[in-house]
Every structure is written in C-alpha cells, then in structure tokens.
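For reference, the structure discussed in these notes is given below.
What you are looking at is a predicted structure, and each value in this text was computed from that prediction instead of being measured. Values below: every heavy atom of this structure, side chains too, minus hydrogens, waters and symmetry copies.
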Amino acid sequence: DQATFVAHHVLQMCRDIVNSRAWKELKQGQTFYPNLNTVEIVCGLDALAEGIRVATAIDDGDTAALLNRNAMNAVYFVEWSQSQVSKRSPRGYGGLGFGGVQVLEQRLDITGH
C-alpha cells in the first residue's frame, strides 16, 4: 500500500543520510567536528527524528536503532557547535550554523531551525 511505500522511502532517505561522507565523519567524533557543516547535520537530524518515528511505527527496530545512534551523534555535535561562541558574543551565541567558528552569520541564519 502507499503508506508502506512512503515509510520505506523515508527510511531509505535516512539510511542515505547516515551513509553520507559528512555523517561518516560525524561518527568519528569530536576531532572531525571542525570539518562539518552544521546546517547539513541539523537538517539531517530533523530527518532522522522523523525516520525514528517511522521505523518505530512499522516495527523496524534495527533501523530505529541505527537512526537513533546517529541522531545522538548529531545532538552531541550540535551541543559542541553551540558552545563554540562565547555567551558574551554580540551575535552567534546559541546558533546552529558552523562553517568555521568565524562564520557567525551562518549561525544566525539557522538558529530557528
């Protein structure tokens, strides 16, 4: 049926996300964080959150676990990214954009995501 087709399509997109170059680097840990684009990771995290719900709804525990592990890696990265700008900074603190610490404008663009 169509709902099953859509569910499998969503989960395949999520698998493509976690198998991408950036997400493979994300899995390597904090030493690779400066190489990553936060917008890409945050948007992927949003997709994985939906994918976890879909996988759970169709009782695909293996995929739910895979997506959950990767989502947690993304959360750790986002927390790290948000801590890179001082609380005293006139702008950029708490934002999510990271293309190098000095690219504060990007941090403002994605804050509301």
Side-chain angles (χ1 to χ4, degrees):
D1 73 27
Q2 287 183 335
T4 302
F5 174 78
V6 170
H8 288 287
H9 184 75
V10 166
L11 295 180
Q12 185 56 52
M13 287 191 303
C14 289
R15 286 185 206 96
D16 291 345
I17 289 169
V18 301
N19 288 319
S20 71
R21 183 188 65 74
W23 282 75
K24 286 180 181 179
E25 286 186 16
L26 180 64
K27 292 178 205 176
Q28 299 299 314
Q30 194 168 357
T31 57
F32 286 83
Y33 286 1
N35 301 327
L36 300 173
N37 180 314
T38 304
V39 174
E40 179 178 1
I41 302 302
V42 170
C43 290
L45 175 58
D46 186 46
L48 294 189
E50 291 298 322
I52 292 166
R53 289 177 33 176
V54 169
T56 301
I58 65 168
D59 293 323
D60 186 345
D62 291 340
T63 300
L66 170 71
L67 301 182
N68 191 56
R69 277 193 310 275
N70 281 275
M72 289 307 301
N73 289 338
V75 168
Y76 299 142
F77 170 74
V78 170
E79 288 175 345
W80 172 86
S81 179
Q82 290 177 321
S83 73
Q84 297 306 298
V85 175
S86 167
K87 291 180 182 179
R88 295 182 181 153
S89 177
R91 62 182 185 172
Y93 174 73
L96 298 177
F98 183 78
V101 176
Q102 62 275 20
V103 186
L104 299 179
E105 294 80 9
Q106 183 184 12
R107 296 176 65 85
L108 294 174
D109 290 343
I110 198 66
T111 299
H113 183 76

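Counting all heavy atoms, side chain and backbone alike, I17 lies closest to A47 at CD1-CB, 3.6 Å. In terms of heavy-atom proximity, V10 sits nearest to G51 at CG1-CA, 4.4 Å. What you find for I41 and W23 is that their closest heavy atoms are O-CZ2, 3.4 Å.
The salt bridge (charged side-chain N to carboxylate O under 4.0 Å, His left out) search around E40 returns none, not counting sequence neighbours. The side-chain contact (heavy atoms from CB on, under 4.5 Å) search around Q30 returns Y33, W80, not counting sequence neighbours. In this structure T4 satisfies the side-chain hydrogen bond (donor to acceptor under 3.5 Å, both in side chains) test together with D1, sequence neighbours excluded.
When side chains are defined from C-beta on, C14 does not count as touching V18, because their heavy atoms never get closer than 4.5 Å.
With hydrophobic clusters built from ILVMFWY side chains whose heavy atoms lie under 4.5 angstrom apart, L45 does not share a cluster with F32.
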Would you mind writing out the side-chain donor-acceptor pairs for residues 54-63 within the sub-3.5 Å range, not counting sequence neighbours?
residue, atom, partner, partner atom, Å
T56, OG1, I52, O, 2.8
D60, OD1, T63, N, 3.1
D60, OD1, T63, OG1, 3.1
D60, OD2, T63, OG1, 2.9
T63, OG1, R15, NH2, 3.2

Solution key, residues 67-76 side-chain donor-acceptor pairs under 3.5 Å, sequence neighbours excluded:
residue, atom, partner, partner atom, Å
N70, ND2, L66, O, 2.8

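For the salt bridge (Lys or Arg N to Asp or Glu O under 4.0 Å) condition, the pairs that include at least one residue of residues 22-34, sequence neighbours left out, are R21-E25.
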